[in-house]
Amino acid sequence: MSLDQTQQRALAWCKTDSASTEDAIGLLGYSLANVQLLHKETFDYSHQAVKECPQVMGGPGNLDLLYSLTRGLSAKIVIETGVAYGWSSLAVLLALKENGGGKLMSSNLHYPRFDGDERFVGCAVPESLKSMWTVIGKQDSEAIPEILQTMPAYDLVHYDSAKSYAGRMFAYPLLWNSLRVGGLFISDDIDDNLGFKHFCTMLREKPIIVETPRKGKPSKYVGIIKKRDHRKPRDLMF
Ligand SMILES: C[S@@+](CC[C@H](N)C(=O)[O-])C[C@H]1O[C@@H](n2cnc3c(N)ncnc32)[C@H](O)[C@@H]1O
């Protein structure tokens, strides 16, 4: 069986031991904040920008989780994969600003259907936050090594780009190795296939699995691993 066709097993694994967003943040010693309420004016701007955007792109990650953890950790340097409208970027940048400033490095290969027109990538992010943000508009296999060459160490990682098993297995170890001890590794859509579960096995770590409810759709799941030491991911033995 292809490792990309492991969605049912991944979903069953996520469901066995998941937490709400609030409980997951609490388990890490932080408190949940509602970023859209705290930054209503900015989100009004962003919702309008996305409404006016002629390109339809991928939806947001768990914004309260990202914002609360970036704030809780007092993160300064963050790396994310997958920008689309820029909702996750917005949540991180707002938190970085409140942390006293910082840097967000993002990778994003725009959807091929838009023929290289990248004008609307990140349109949810207002100009006032862009000085803390660099987007490398290339696929992860090029963008991540390029980003890590210029900025090698991070407080927080957010993975939300290629959802294939191979895409995850390429990017996860690189991103993990760039994370400082005490930092947080967050991956979206871990119920798509067994990539995240297998990565936890490679690290010998038990993740926190966050159930993220969605309007009119089944919940999706986000995985969090706290980096406790310098051990590198070991090879997976099937
Ligand atoms: C689900 S969207 C990201 C949503 C974003 N994190 C948010 O919260 O608004 C996924 C994005 O990843 C990009 N992407 C897909 N495969 C990629 C790859 N191999 N390398 C880089 N970006 C990729 C897509 O073009 C899309 O913009």
Side-chain angles (χ1 to χ4, degrees), residues 4 7 21 35-36 39 42-43 45-51 53-70 78-96 104-126 129-130 133-148 154 156-175 178 184-193 195-196 210 212-215 217-224:
D4 279 313
Q7 202 259 346
T21 299
V35 64
Q36 303 216 35
H39 293 279
T42 306
F43 272 85
Y45 163 86
S46 306
H47 281 295
Q48 189 57 33
V50 168
K51 207 167 136 188
C53 174
Q55 298 184 351
V56 177
M57 303 186 226
N62 186 329
L63 302 187
D64 288 341
L65 183 78
L66 265 180
Y67 175 81
S68 305
L69 294 181
T70 309
V78 176
I79 184 167
E80 71 167 355
T81 71
V83 174
Y85 294 118
W87 290 114
S88 53
S89 318
L90 175 64
V92 169
L93 288 164
L94 286 167
L96 288 179
L104 170 64
M105 302 294 288
S106 306
S107 70
N108 188 71
L109 178 71
H110 199 30
Y111 301 98
R113 63 178 179 272
F114 300 127
D115 239 356
D117 179 1
E118 297 187 30
R119 275 177 300 157
F120 301 99
V121 169
C123 62
V125 177
L129 292 170
K130 287 188 179 166
W133 192 27
T134 300
V135 182
I136 304 293
K138 296 178 185 170
Q139 61 185 346
D140 288 344
S141 57
E142 288 176 70
I144 295 174
E146 195 174 313
I147 291 171
L148 297 183
Y154 292 87
L156 187 141
V157 165
H158 181 238
Y159 184 87
D160 191 16
S161 52
K163 303 297 163 66
S164 65
Y165 185 91
R168 290 175 198 270
M169 283 310 179
F170 167 78
Y172 282 173
L174 286 178
L175 295 169
S178 76
L184 295 174
F185 183 96
I186 306 170
S187 177
D188 217 31
D189 296 318
I190 60 166
D191 47 315
D192 281 353
N193 56 54
F196 183 78
V210 189
T212 305
R214 291 183 298 173
K215 269 188 208 146
K217 288 188 192 170
S219 293
K220 66 177 187 172
Y221 292 85
V222 176
I224 307 174

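We count ligands from 1, going down the list as the structure has it; atoms in each ligand are counted the same way.
Remark: Trp87 CH2 to Met57 CE distance equals 11.0 Å, nearest 0.5 Å. The distance from the OG1 atom of Thr81 to the CZ atom of Arg168 is 9.0 Å, given to the nearest 0.5 Å. The structure places NE2 of His110 at 10.0 Å from CG of Asp115, a figure rounded to the nearest 0.5 Å. Between the CG atom of Asp188 and the OH atom of Tyr159 there is a distance of 10.5 Å, given to the nearest 0.5 Å.
Tyr85 contributes no side-chain N or O that, together with a main-chain N or O of Ala49, makes up a donor-acceptor pair within less than 3.5 Å. Checking side-chain atoms of Ser106 against main-chain N and O of Val135 turns up no donor-acceptor pair under 3.5 Å.
In this structure, Thr81 does not count as a contact residue of ligand 1, since none of its heavy atoms falls inside 4.0 Å of the ligand. The closest approach between a heavy atom of Gly61 and any atom of ligand 1 is below 4.0 Å. Every heavy atom of Ser89 sits 4.0 Å or more from the atoms of ligand 1.
Glu80 has its side chain within reach of Trp133: a pair of non-hydrogen atoms, C-beta onward, lies under 4.5 Å apart. A 4.5 Å side-chain heavy-atom check between Gln55 and Asp117 finds at least one atom pair inside the cut-off. Taking 4.5 Å as the limit, some side-chain heavy atom of Leu63 sits within range of a side-chain heavy atom of Phe43.
For Asp188, no heavy-atom contact with ligand 1 is shorter than 4.0 Å.
Shortest contact from atom 20 (N) of ligand 1 to any protein heavy atom: Asp140 N, 2.9 Å. Ranking the protein heavy atoms by distance from atom 27 (O) of ligand 1 puts Asn108 OD1, 2.8 Å first. In this structure, the protein non-hydrogen atom closest to atom 19 (N) of ligand 1 is Ala162 CB, 3.6 Å. Ranking the protein heavy atoms by distance from atom 26 (C) of ligand 1 puts Tyr111 OH, 3.2 Å first. At the shortest separation from atom 9 (O) of ligand 1 among protein heavy atoms lies Trp87 N, 3.1 Å.
Annotation for ligand 1: atoms under 4.0 Å from non-hydrogen atoms of Gly82 are 3 (C), 5 (C), 6 (N), 11 (C), 12 (O). The ligand atoms of ligand 1 that sit less than 4.0 angstrom from a heavy atom of Ser88 are 5 (C), 6 (N), 7 (C), 8 (O), 9 (O). Contact atoms of ligand 1 toward Pro60: 7 (C), 8 (O), 9 (O) (distance under 4.0 Å to a heavy atom of the residue). Remark: ligand 1 atoms within the under-4.0 Å shell around heavy atoms of Gln139 are 20 (N), 21 (C).
When Asp160, Val121, Leu63 are ranked by how near their heavy atoms come to atom 6 (N) of ligand 1, first place goes to Asp160. The residue from Val83, Leu90, Ile144, Val50 that puts a heavy atom closest to atom 5 (C) of ligand 1 is Val83. Closest heavy-atom approach to atom 2 (S) of ligand 1 within the set Ser141, Ser106, Ala84: this belongs to Ala84.
In terms of polar-atom proximity, Gly58 is not counted as a contact of ligand 1, lacking any N or O under 3.5 Å from an N or O of the ligand. Polar contact with ligand 1: present for Leu109 (N/O pair, distance under 3.5 Å). Ligand 1 has no N or O atom lying under 3.5 Å from any N or O atom of Lys138, backbone or side chain.
Stacking of Arg113 on the aromatic ring of Tyr111 is recorded, both the 6.0 Å distance cut-off and the 45° axial limit being met.
Checked for salt-bridge contact, Asp189 and Lys163 meet the test: a charged N lies under 4.0 Å from a carboxylate O.
The only option from Asp140, Val121, Asp160, Ile136 that meets the side chain to side chain contact (heavy atoms under 4.5 Å, CB included) definition with Asn108 turns out to be Val121.
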